[in-house]
**Q** 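The structure follows.
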Amino acid sequence: MSGASRRAGGLGVGAMAVANVILGTSSLFWRELGAVSPATLLGHRILVSLVTLGIALVVLGRVRAALETAADTRLLLIHLAAAVLVCANWLAFIWGSIHGRVIETGLGYLLAPALTIALGAAVLRERLGRVRAAALGTCLLGIVLLITRSSELEWWVYVTIGTTWGTYSFLKKLTTADPVTGLALETALLALGVGVAVAVSSYSLDPGPAADTTDVVLLALCGLVSVTPLWLIAYGAKKVTLTTAGFMQYVLPTTQLVVALVCYGQRPSGNTLLCFGVVWLALVSIVAESAVRARGKRLRRPPEAAPAEHRQNLPDRQEGSRLS
């Protein structure tokens with residue numbers, strides 16, 4: 001690997017690591033907005049993210065790509081379903097961040113890849129293999145043990161986040177839109193929903209009398225908190241292998257666990273820590289197995305055949321033996 005390739009790979013890993021750390025620590029951002037209801041925060045997150053993503057589309061020259069995606073009925077329906085899922089995911093994450101349920105949000109993002117893999121096997125007929133099947137079984141056992149034995153946790157938080165994010169990630173396999181274009185379309189659809197809710201119901205974007213100037217400033221910045229990690233992940237994904245990207249996704253739930261223990265003072269039971277660790281190792285084993293398999297294929301790859309002109313200059317051993 002050349003020095004330039006190593007530097008590019010290092011930048012990609014750094015970008016994806018920073019993105020996942022931002023996502024993992026963003027609970028602290030939403031906690032500072034605890035004076036505002038989660039539903040109102042969700043509306044502001046959608047609208048400010050739409051403005052931020054609109055600017056991104058113009059800067060990146062992807063406005064036409066977004067319009068073409070919206071004009072395709074199949075892609076529009078996929079992103080409409082994805083929009084509903086990401087809306088529920090954002091709301092559960094904001095609620096958990098404000099109410100000190102960060103271990104639960106971290107568990108949700110830890111479990112999400114397992115659902116994505118299971119959906120890929122069930123719907124797209126992707127091959128599981130023994131390692132993946134064992135890992136999925138371990139994750140299912142972990143969920144059962146968490147629900148039945150970790151009574152200190154709000155189980156619906158990690159089930160909601162894991163289900164919505166895992167299914168959302170699966171839907172992303174079905175679209176040809178890039179991450180920025182796809183999220184921009186989804187956010188636009190959600191913004192339409194916010195507008196309808198404000199017009200026909202009692203839903204309001206008013207942060208309430210308890211909100212102060214700091215809250216207003218933070219509300220204006222919530223789009224950057226949502227979109228900046230996406231930019232970094234999209235940048236990094238182009239510079240690292242899929243195996244490396246797979247490992248990097250576990251930075252988010254690990255960061256969430258650290259934030260929960262250090263900043264929120266959550267005290268998980270031994271069962272919760274055991275399940276977290278076992279599920280973490282089970283899912284990492286999937287990425288590790290993929291890396292080993294890919295390396296084995298490279299090692300077994302036959303050497304490239306010699307150029308035609310070079311082969312023509314080689315002596316014919318059989319012909320030589322007959323002449324001697």
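Bear in mind the structure is a predicted one, so any value in this text is a computation, not a measurement.
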**Q** Between atom CG of Leu136 and atom CG of Leu128, what is the distance when rounded to the nearest 0.5 Å?
**A**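 Going from the CG atom of Leu136 to the CG atom of Leu128 covers 6.0 Å.
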**Q** Strictly distance-based, threshold 3.5 Å: is any side-chain N or O of Glu104 a donor or acceptor partner for the main-chain N or O of Glu154?
**A**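 Yes, because the side chain of Glu104 sits within donor-acceptor range (under 3.5 Å) of the backbone of Glu154.
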**Q** Are Leu257 and Ile103 side-chain neighbours, meaning at least one heavy-atom pair lies under 4.5 Å?
**A**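 A side-chain contact under 4.5 Å exists here.
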**Q** Just wondering, do Thr52 and Leu224 contact through their side chains at under 4.5 Å, heavy atoms?
**A**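 A side-chain contact under 4.5 Å exists here.
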**Q** Which value, rounded to the nearest 0.5 Å, describes the distance between Phe29 atom CZ and Ser226 atom OG?
**A**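 Between Phe29 CZ and Ser226 OG, I get 8.0 Å after rounding to 0.5 Å.
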**Q** Closest heavy-atom contact between Ala88 and Thr160?
**A**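 For Ala88 and Thr160, the tightest heavy-atom pair comes out as O-CG2, 4.4 Å.
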**Q** With a 4.0 Å cut-off, would you call Lys173 and Glu126 a salt bridge?
**A**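 Salt bridge: yes.
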**Q** Once you round to the nearest 0.5 Å, how far does CD1 of Ile161 lie from CD of Gln256?
**A**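 Between Ile161 CD1 and Gln256 CD, I get 7.5 Å after rounding to 0.5 Å.
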**Q** How far does CG of Leu145 sit from CG of Leu141, to the nearest 0.5 angstrom?
**A**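 So the CG of Leu145 and the CG of Leu141 are separated by 4.5 Å.
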**Q** Would the distance check show the side chain of Thr228 and the main-chain N or O of Val225 forming a donor-acceptor pair, the cut-off being under 3.5 Å?
**A**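 Absent.
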**Q** Of the non-hydrogen atoms in Gly96 and Thr105, which two are nearest, and what is the gap between them?
**A**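 Minimum heavy-atom separation between Gly96 and Thr105: CA-CG2, 4.2 Å.
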**Q** For the aromatic rings, using the six-membered ring if either is Trp, is the centroid distance between Trp165 and Tyr168 under 6.0 Å?
**A**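 Yes: the rings meet the under 6.0 Å criterion.
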**Q** Between Arg31 and Ile98, is the side-chain contact (heavy atoms from CB on, under 4.5 Å) condition met? List the steps.
**A** CA-CA 5 Å; Arg31 184 176 68 171; Ile98 291 175; 5.7 Å; no
**Q** Between the side chains of Arg62 and Thr181, does any donor sit under 3.5 Å from an acceptor?
**A**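 Judged by distance alone, the side chains do not pair up.
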**Q** For residues Ser269 and Thr272, is any side-chain donor paired with an opposing acceptor at under 3.5 Å?
**A**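 Checked: Ser269/Thr272 side chains pair up, N/O donor to acceptor below 3.5 Å.
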**Q** For Ser27 and Phe93, work out which heavy atoms get closest and say how close.
**A**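 Heavy atoms only, the tightest pair is OG-CZ, 3.4 Å.
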**Q** If hydrophobic clusters are built by linking Ile, Leu, Val, Met, Phe, Trp and Tyr wherever their side-chain heavy atoms come under 4.5 Å apart, do Val227 and Val86 end up in the same one?
**A**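 Yes, Val227 and Val86 fall within the same hydrophobic cluster.
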**Q** Looking only at heavy atoms, what is the nearest atom pair of Cys87 and Leu190, with distance?
**A**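 Between these two residues, the closest heavy atoms are CB-CD2, 3.7 Å.
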**Q** To the nearest 0.5 Å, how far apart are CD1 in Ile78 and OG1 in Thr175?
**A**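 Ile78 atom CD1 to Thr175 atom OG1 measures 5.5 Å (nearest 0.5 Å).
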**Q** Check Asp215 against Ala210 and note the closest heavy-atom contact, atom names and distance.
**A**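 Answer, listing the atom of Asp215 first, then Ala210: OD2-O, 4.1 Å.
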**Q** Please examine the side chains of Leu146 and Val279, heavy atoms only from C-beta on, and report whether any two atoms are closer than 4.5 Å.
**A**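 Counting from C-beta outward, Val279 and Leu146 never come under 4.5 Å.
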**Q** Is Leu57 linked to Leu185 within one hydrophobic cluster, defined over Ile, Leu, Val, Met, Phe, Trp and Tyr using a side-chain heavy-atom separation of less than 4.5 Å?
**A**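 No; tracing contacts between hydrophobic side chains, which count when under 4.5 Å, never links both residues.
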**Q** Rounded to the nearest 0.5 Å, what's the gap from CD on Glu152 to CZ on Arg101? Could you check?
**A**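 Rounded to the nearest 0.5 Å, the CD-CZ separation comes out at 8.0 Å.
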**Q** Check whether Val159 and Phe170 end up in the same hydrophobic cluster, where Ile, Leu, Val, Met, Phe, Trp and Tyr are linked by side-chain heavy atoms less than 4.5 Å apart.
**A**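 Looking at the clustering, Phe170 is in the same group as Val159.
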**Q** Assess whether side-chain contact (heavy atoms from CB on, under 4.5 Å) is satisfied between Trp155 and Thr148, documenting all intermediate values.
**A** CA-CA 9 Å; Trp155 65 268; Thr148 58; over 6 Å; no
**Q** Do Asp72 side-chain atoms and Thr69 backbone N/O form a donor-acceptor pair below 3.5 Å?
**A**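 Pair absent, no side-chain N/O of Asp72 close to backbone of Thr69.
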**Q** Side chains of Leu115 and Cys139: does their closest heavy-atom pair fall under 4.5 Å?
**A**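 Answer no - side chains too far apart.
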**Q** State which residue, out of Val48, Thr214, Leu41, fulfils the side-chain contact (heavy atoms from CB on, under 4.5 Å) condition with Leu219.
**A**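 Filter result, single survivor: Leu41.
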**Q** Could you go through the side-chain contact (heavy atoms from CB on, under 4.5 Å) check for Leu42 and Val194 one step at a time?
**A** CA-CA 9 Å; Leu42 176 65; Val194 171; over 6 Å; no
**Q** Less than 4.0 Å between a side-chain N and a carboxylate O, is that true for Arg130 and Glu289?
**A**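 Looking at Glu289 and Arg130, the cut-off is not met.
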**Q** Hydrophobic cluster membership, with links at side-chain heavy-atom distances under 4.5 Å among I/L/V/M/F/W/Y: are Val258 and Leu23 in one?
**A**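 Different hydrophobic clusters.
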**Q** Working note: Arg74 + His79, criterion side-chain contact (heavy atoms from CB on, under 4.5 Å); need CA distance, chi angles, decisive distance, verdict.
**A** CA-CA 9 Å; Arg74 174 182 171 275; His79 286 285; over 6 Å; no
